[in-house]
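Below is one structure, written out as C-alpha cells; comments come after it.
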Amino acid sequence: MDFIEIEKKWNEKWEKDNLYKFNNKNLEKKYYLLEMFSYPSGASLHLGHWWNFGLSDSFGRFKRLQGYNVFQPMGFDAFGLPAENYALRTGIHPEDSTRHNIQIMEKQLKELGATFNWEYELVTCNPDYYKWTQWLFVQLFKKGLAYQKEAPVNFCPTCNTIIANEQVVNGHCERCDSEIVHKNMRQWFFKITAYADELLSGLDKIDWPEKTKALQRNWIGKSVGAEVDFYTENGLKLTVFTSRADTLFGVSFLVIAPENPLTEKLITKENETAVKEYISQAAKKDEIERTSSTSPKTGVFTGSYVINPLTNEKVPVFVADYVISTYATGIVMGVGAHDERDFDFAKKYGLEIKRVINSKDAKERDLPFTEYGILCNSGEFDGLESLEAKTKIVEKLEKMGKGRFKTNYRLRDWSVARQRYWGCPIPIIYCPKCGTVPVPEKDLPVKLPHICDYKPEGEGPLGKCEEFMNTTCPVCGGKARREADTMDTFVDSSFYMLRYPESLHNDKEIFSRDYVNKMLPVDCYVGGVEHATGHLLYSRFISKFLRDLGVLDFDEPFQRLIHQGMILGSDGRKMSKRNGSKTADDYVKEFGSDALRLHMMFSLKYIEGGPWSDDGIKHMKAFMERVERICLKWSKLEENSNNYSQVEKDLDYSLNKSIKDIAENMEEFSFNVAVARLMELVNAMYKYDLVENKNVELCKKVVKDLIILMSPATPHFAEELWEQIGEQYSVHNQKYPACDESKIVLDEIEIAIQINSKIVTRLNIATDLSNEEILEVVKKDAKVAECLIDKTIVKEIVVPKRIVNLIVK
RNA sequence: GCUGGUGUGGCGGAAUGGCAGACGCACAGGACUUAAAAUCCUGAGUUCGCAAGGACGUGUGGGUUCGACUCCCACCACCAGCACCA
C-alpha cells in the first residue's frame with residue numbers, strides 16, 4: 001500500500017464530503033473535545049503539534065465510533081508579542097504575517113487528517129471575535145471588576161510592556177527572558193481575587209489531574225489568620241497579619257517593608273540617616289536577591305515603638321526588606337521562638353526570644369532549650385491548645401477593636417493592559433467631563449487600526465495614531481480620547497471555548513444562553529500543564545463571572561482536563577531546531593502520517609511524554625503491512641468450515657478482549673497500551689492463520705472489527721483497507737464493535753498452585769468449579785500430593801481464576 | 001523549605017493486593033532464499049547449572065497480609081511548580 005498516496009486521496013475525499021460535520025441540532029450525545037488552540041507561528045508543524053493534535057484527534061475519533069456527536073473545533077490565538085517582535089525585526093506588519101501563518105498552519109493541520117470542525121474556526125485577531133473580548137471587558141468594568149489603580153507592576157524592558165504575575169518566571173519575562181523591573185504605574189486590572197475562594201473550592205468538583213489542582217491551590221495561596229493593630233505612642237496604627245495569633249505573647253519586635261508608605265512616618269530624627277540609607281540600598285537590590293529565602297535577613301531600627309495590644313509591652317519597629325510590601329499589610333510581627341526568620345533576625349539584632357507555651361505543657365515536658373525565654377500563656381488563655389488560643393485571642397482583640405479574623409491570598413489581581421500594538425484595544429474612552437467611560441456595546445468592536453508605527457516605547461503605540469485616539473464621549477458627546485493600551489492575549493483565550501459553538505453563526509450576542517449551556521462545559525480539554533496557573537485559572541475566573549452575570553448555568557468550563565507530557569529532543573532536553581534533525585514533515589513524507597501517529601501513540605506514554613526517538617517508525621509501517629496482508633488474505637477466503645473448537649474460541653477471545661481493553665485504554669489516554677492490544681489481536685490472527693479449515697465467518701468478522709479498531713490510530717490506512725475488503729465507505733462512520741462478554745469467559749484457565757505462598761505448579765482448571773471442587777482437583781494432582789506428604793494443611797486459600805494457596809505445617 | 005509527581009530488564013513500557021516484565025525495540029536461533037533484504041516461526045529478567053532444577057529480583061529499610069510493583073511508616077534519588085507569604 002502506498003501510504004503517501006492514500007493519505008492524499010482520503011484527505012481530499014473527507015474534506016469534500018465534510019465527513020466529520022458536527023450536528024448542532026442534536027445535542028443529546030454531544031461530546032465537546034477541545035485541544036488548546038495554538039499560536040500561529042510561521043514554522044512548519046513540529047513533532048509537538050503532531051503529538052498534541054494528532055493523538056487527541058485519535059481520542060476524538062474513538063468517541064465518534066462510540067456514537068458521540070463530537071465537536072472538535074480549531075482556531076488560533078492570533079494576537080500577541082511574537083508576531084509583533086517578528087514584525088519589528090523584519091518590517092512585515094503583524095497582521096500580514098499572522099494571516100499568512102494562519103493559512104500555512106491551517107493547510108498543515110488539515111494534512112494531519114484530523115477531524116476538526118473547521119467551519120467553527122475562530123481567530124482572536126478578527127474583529128468579529130475581539131468584539132466579544134471587548135464586550136467582556138465592558139461587562140467586567142460595569143461590575144467594578146475591571147478597574148484602574150496605581151500599583152507596582154512587572155515591567156519587561158525588552159518587550160517594553162507590563163506583564164502579569166503569571167508571565168514572570170523567576171523574575172524574568174517568560175517571552176524574552178529579560179529581567180523584570182518593578183514600576184509603579186496606573187494600570188488596568190481584573191479583579192480575579194474576588195473569586196479566590198471559589199476558584200479554590202471549585203477544584204473539588206472537576207476531573208483534573210491532582211498536580212494541576214495543587215498548582216492552582218498553591219498559586220491562590222490561601223492563608224487563614226488574623227489582623228492585629230499595634231499603635232505607636234503618638235497614635236499611628238500599624239496592622240500586622242499573622243496566622244499565629246496564639247504567639248502574640250511572644251512578640252518582641254515589628255518589621256515593616258521599606259516600600260510601605262507608613263515607614264516614612266516611623267523614622268525618628270536620630271535614626272534618619274541609617275534608615276534612609278538602608279531603604280535606598282534595598283531599592284537597588286533585584287527581585288531575586290530580595291525574595292530568595294537564603295538571603296540574609298537584615299534590617300534597621302526606625303526609632304519608633306508600638307504597644308502590644310494584649311500585653312501592653314513596648315515593642316521596637318524595624319524596617320527590613322525580607323518583608324514583602326504587596327502581601328497582606330506589609331508589616332509583620334516578630335516572634336523569635338516561633339519563626340525561623342524571626343529567630344535569625346532577633347539573634348542578629350539582640351532582640352528578646354520568647355517561647356509561648358501553656359504552663360501545663362511546659363511542666364510536663366522538661367523543656368530542653370536554654371536559649372529561648374519561656375513565656376506561658378497568661379491567665380485566661382493558659383492551658384489552651386494553639387488553635388483554641390488563636391480563636392480566643394482574636395475574639396478578645398475584636399472586642400477591644402484591635403484585631404479581627406482575616407484571610408489572605410497570595411493571588412494578585414490580573415494585570416491586563418499591555419503597552420503594545422498587536423492586541424485587542426481596551427474599549428474605554430477618557431472624557432474630560434465624564435471621566436472614564438466604557439464604549440457602548442452597540443459601538444463594538446473598537447477596531448484595531450492598521451498602523452505602521454507600532455514600535456513599543458513604554459506607552460501604548462496606539463497613542464501615536466490620532467485618528468484612533470480622537471473620539472467623542474458616548475455620554476456627553478464632547479471631545480474625548482481613547483485608551484491606548486491593548487489587552488493581554490490571555491483575555492482573548494479566557495472565553496474562546498464558550499464562543500466556539502457558534503463562532504460564525506451568531507454575531508448578535510457572545511453566545512445564545514440556551515445553546516451554550518447545552519454545549520458546555522467542555523467534556524475533555526487537552527493541553528500542556530504550563531497553562532496551569534495562567535490560562536486555566538483565567539478561564540475559570542471568567543466563567544464564574546459570566547455565571548454571576550446570569551448567562552451561564554455552569555461555572556467550571558473544563559469538566560475533564562488531560563495534560564500531554566512534553567515530547568523532548570533525543571537528548572532528553574527541550575526540543576529545539578538543533579537537536580531535532582528531522583521535522584515531522586520529513587517523517588510524513590517517508591512513512592506517512594499514520595505511521596508517525598501510531599509510533600507516537602505506542603512508543604511513549606501520552607500523559608508523561610519523554611525523549612523522542614524515531615527508532616520505531618519503520619516498524620509501525622511494517623505492522624500496518626502485516627495487518628494489511630492478513631486482512632486482505634482473510635477477506636478473500638471462501639470455504640467456510642463452520643468449525644468452532646478451541647482455536648476458534650481462542651481467536652474469538654482475543655477479539656472480544658481487545659474490543660474491551662482498547663476502549664478502556666483509549667478512554668484513559670493510554671494509547672500505548674491500546675496499540676499493544678491491537679498488536680496482540682493481530683498476533684492471534686496470525687496464529688489462527690496456521691489452522692487449516694478456517695471458520696471464515698469468524699475471520700471476516702475479526703477483519704472488519706480490527707479495521708474499525710485501528711481507525712482512530714491510523715485513519716487513512718483503515719479507510720483504504722476498508723475499501724479494499726469491499727466494505728462501504730466510510731470506516732469512520734462505523735460503530736465501535738460490541739464486546740461479547742460470553743466470549744471472554746474461558747472454560748478453563750491456568751491457575752498457579754502455591755504451597756506456603758510459593759508456586760509449586762500450575763494447573764488448568766475449569767472455570768465453573770466451586771472452590772471446594774477446585775481444592776479437590778488440586779489435592780489430587782501428583783506434584784501437589786508429593787509436597788503434602790507428612791504435612792498438615794492449616795489454611796486453604798482459593799482465589800477463583802487466579803490462585804490456590806495451601807498453608808501447611 | 002513547602003506542594004505534587006516519578007523510580008520495574010540493554011531500551012520504550014505492561015500489571016482491579018494474586019503466576020512481575022504484557023506489547024514492542026534491540027538481541028539470538030530456525031524456516032524461506034544461490035545470497036541478502038523482507039516475511040513467518042521460536043527463545044530470552046539476572047545468576048548458578050549440560051540439564052532437571054535452585055537462588056536473587058519492581059530505588060533503600062521496615063510494617064500489614066497466606067500473598068505487596070500495588071496498602072502503611074521512614075528514608076534516598078530524580079523531575080516539576082511555588083518559594084523570606086508572616
Side-chain angles (χ1 to χ4, degrees), chain A residues 169-170 209-223 225 240-244 247 254-255 257 288-297 320-324 326-335 338-342 344-345 408-411 529-530 532-533 565-566 572 599 602-605 607-608 610-613 615-620 622-623 625-626 629 661 664-665 670 672-683 686-687 689-690 750-762 794-808:
Chain A
V169 180
N170 280 333
E210 203 42 53
K211 167 170 55 169
T212 316
K213 292 188 186 184
L215 283 172
Q216 291 205 349
R217 286 194 190 103
N218 212 322
W219 189 259
I220 295 166
K222 183 175 181 170
S223 169
V240 305
F241 173 74
T242 177
S243 59
R244 292 293 309 274
T247 64
L254 244 57
V255 190
I288 308 274
E289 211 180 329
R290 278 280 308 259
T291 58
S292 157
S293 56
T294 52
S295 299
K297 275 121 204 89
D321 62 6
Y322 77 82
V323 175
I324 298 165
T326 50
Y327 182 73
T329 61
I331 311 174
V332 176
M333 63 185 211
V335 188
H338 291 271
D339 183 291
E340 211 177 312
R341 291 155 300 169
D342 293 353
D344 291 348
F345 196 81
N408 262 308
Y409 298 90
R410 206 192 73 100
L411 183 71
V529 68
E530 66 274 15
T533 55
M566 209 187 314
H599 171 64
F602 183 59
S603 69
L604 292 166
K605 303 197 230 192
I607 308 281
E608 287 177 22
W612 167 253
S613 156
D615 270 355
I617 297 192
K618 63 172 186 285
H619 306 290
M620 292 303 119
F623 170 67
E625 282 162 350
R626 184 171 153 89
R629 278 192 297 275
D661 287 359
E664 282 171 11
N665 286 296
S670 300
N672 57 338
V673 185
V675 175
R677 296 288 174 266
L678 282 172
M679 289 170 169
E680 281 170 289
L681 175 57
V682 175
N683 289 345
Y686 271 85
K687 196 172 166 197
D689 197 46
L690 302 173
E750 194 185 69
I751 293 191
I753 312 302
Q754 303 179 333
I755 289 182
N756 284 347
S757 306
K758 237 177 127 177
I759 294 166
V760 290
T761 187
R762 294 165 228 274
V794 287
K795 199 169 176 187
E796 297 165 339
I797 295 151
V798 182
V799 182
K801 298 180 202 173
R802 292 203 182 269
I803 284 245
V804 171
N805 190 3
L806 302 174
I807 309 304
V808 301

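In what follows, chains are A, B, ... by sequence order, proteins preceding strands, each numbered from 1.
Proximity of A:Arg802 to the phosphate of B:A15: no side-chain N or O atom is located under 4.0 Å from OP1 or OP2. Between A:Arg217 and the phosphate of B:C82, there is no side-chain N or O to OP1/OP2 separation shorter than 4.0 Å. Within the structure, a side-chain polar atom (N or O) of A:Tyr327 is placed less than 4.0 Å from OP1 or OP2 of B:A86. A sub-4.0 Å separation between OP1 or OP2 of B:C85 and a side-chain N or O of A:Arg341 is present. A sub-4.0 Å separation between OP1 or OP2 of B:G67 and a side-chain N or O of A:Asn756 is absent. Phosphate contact (OP1/OP2 of B:A26, side-chain N/O of A:His619, threshold under 4.0 Å): present. Contact between the side-chain N/O atoms of A:Ser243 and the OP1/OP2 oxygens of B:C85 is not found at any separation under 4.0 Å.
Remark: B:U34 base-pairs with no nucleotide in the shown strands. Criterion, Watson-Crick or G-U wobble with two distances under 3.5 Å. With a cut-off of 3.5 Å on both pairing distances, B:A22 has no Watson-Crick or G-U wobble partner at all. Across all strands shown, nothing is found opposite B:U16 as a Watson-Crick or G-U wobble partner with both distances under 3.5 Å. Of all nucleotides present, only B:U6 satisfies the Watson-Crick or G-U wobble test against B:A77, with each distance under 3.5 Å. For B:C82, the paired nucleotide is B:G1, the pair qualifying as Watson-Crick or G-U wobble because both relevant distances are below 3.5 Å. B:U65 makes up no base pair with any nucleotide shown, lacking Watson-Crick or G-U wobble contacts both under 3.5 Å. When both pairing distances are held under 3.5 Å, B:G49 makes no Watson-Crick or G-U pair with any nucleotide shown. In this structure, B:A28 forms a base pair with B:U42, meeting either the Watson-Crick or the G-U wobble geometry with both donor-acceptor distances under 3.5 Å.
A distance of about 48 Å separates the P atoms of B:G1 and B:G49, rounded to the whole Å. A gap of 23 Å separates the C1' atoms of B:G57 and B:A51, to the nearest Å. Atom name P, nucleotides B:A14 and B:C71: the rounded distance is 16 Å, in whole Å.
When rounded to the nearest whole Å, the span between CZ of A:Arg626 and P of B:C23 equals 12 Å. With rounding to whole Å, A:Arg677 atom CZ is found 7 Å from B:A15 atom P. What separates CE of A:Met566 from C1' of B:A80 is a distance of 10 Å, to the nearest Å. For the pair A:Lys213 NZ and B:G81 C1', the computed distance is 17 Å after rounding to whole Å. When the C1' atom of B:G5 is taken as reference, atom NZ of A:Lys605 falls 12 Å away, rounded to whole Å. A straight line from CG of A:Asn218 to P of B:G5 spans 13 Å, rounded to a whole angstrom. Distance A:Asp321 CG to B:A86 P: 18 Å, rounded to the nearest Å. Rounding to whole angstrom units, CG of residue A:Asp615 and C1' of B:G24 are separated by 12 Å.
Of the candidate nucleotides B:A83, B:C66, B:G4, B:G4 has the atom nearest to the side chain of A:Lys211. When the nucleotides B:C23, B:C66, B:C82 are ranked by their closest atom to the side chain of A:Ser757, B:C66 comes out on top. Taking only side-chain atoms of A:Ile797, from C-beta outward, the nucleotide of B:C66, B:C23, B:C41 with the closest atom is B:C66. Here the side chain of A:Ala214 is nearest to one of B:U3, B:A86, B:G18, namely B:U3.
The base of B:C66 lies close enough to the side chain of A:Asn805 for a donor and an acceptor atom to sit less than 3.5 Å apart.
The residue A:Glu750 sits close to a base: some heavy atom pair falls under 4.0 Å. Within the 4.0 angstrom heavy-atom criterion, only backbone atoms of the sugar-phosphate kind lie near A:Tyr686; the bases stay farther away. When heavy atoms are screened at a 4.0 angstrom cut-off, A:Ala676 is found touching base atoms of the nucleic acid. Here A:Leu215 lies in heavy-atom contact (under 4.0 Å) with sugar-phosphate atoms only. A:Lys801 comes within 4.0 angstrom of nothing in the nucleic acid, heavy atoms only. Contacts of A:Asp339 with the nucleic acid, taken as non-hydrogen atoms under 4.0 Å apart, are absent. Within 4.0 Å of A:Glu625, counting heavy atoms only, lies no atom of the nucleic acid at all. Residue contacts for A:Ala532: at a heavy-atom cut-off of 4.0 Å it reaches no nucleic acid atom on any strand shown. No contact: A:Asn408 has no heavy atom under 4.0 Å from any strand.
Between the side chains of A:Ser757 and A:Asn805, at least one donor-acceptor pair of N or O atoms lies under 3.5 Å.
Taking 4.0 Å as the cut-off between side-chain N and carboxylate O, A:Lys687 and A:Glu680 do not count as a salt-bridged pair. A salt bridge is defined here as a Lys NZ or Arg NE, NH1 or NH2 lying under 4.0 Å from an Asp or Glu carboxylate O, and A:Asp661 with A:Arg677 meets this definition.
The glycosidic torsion of B:G10 lies more than 90° away from 0, placing the base in the anti range.
In this structure, the side chain of A:Tyr322 does not engage the main chain of A:Phe345 through any donor-acceptor pair within 3.5 Å. A distance-only check finds no donor-acceptor pair linking the side chain of A:Asn756 to the backbone of A:Lys758 [under 3.5 Å]. At least one donor-acceptor pair closer than 3.5 Å links the side chain of A:His599 to the backbone N or O of A:Ser613.
Taking a 6.0 Å sphere around CD of A:Glu340, one finds it holds 12 or fewer heavy atoms contributed by other residues, nucleotides or ligands. Environment of NZ in A:Lys211: sparse, with no more than 12 heavy atoms of neighbouring residues, nucleotides or ligands closer than 6.0 Å.
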What's the verdict on side-chain contact (heavy atoms from CB on, under 4.5 Å) for A:Thr247 and A:Met333, showing C-alpha distance, side-chain angles and the deciding distance?
CA-CA 10 Å; A:Thr247 64; A:Met333 63 185 211; 3.7 Å; yes

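When each of A:Arg629 and A:Pro611 is assigned the nucleotide of RNA chain B with its nearest heavy atom, A:Pro611 is the one assigned upstream, toward the 5' end. The nearest heavy atom of RNA chain B to A:Asn672 and to A:Thr326 marks one nucleotide each, and the one closer to the 5' end goes with A:Asn672.
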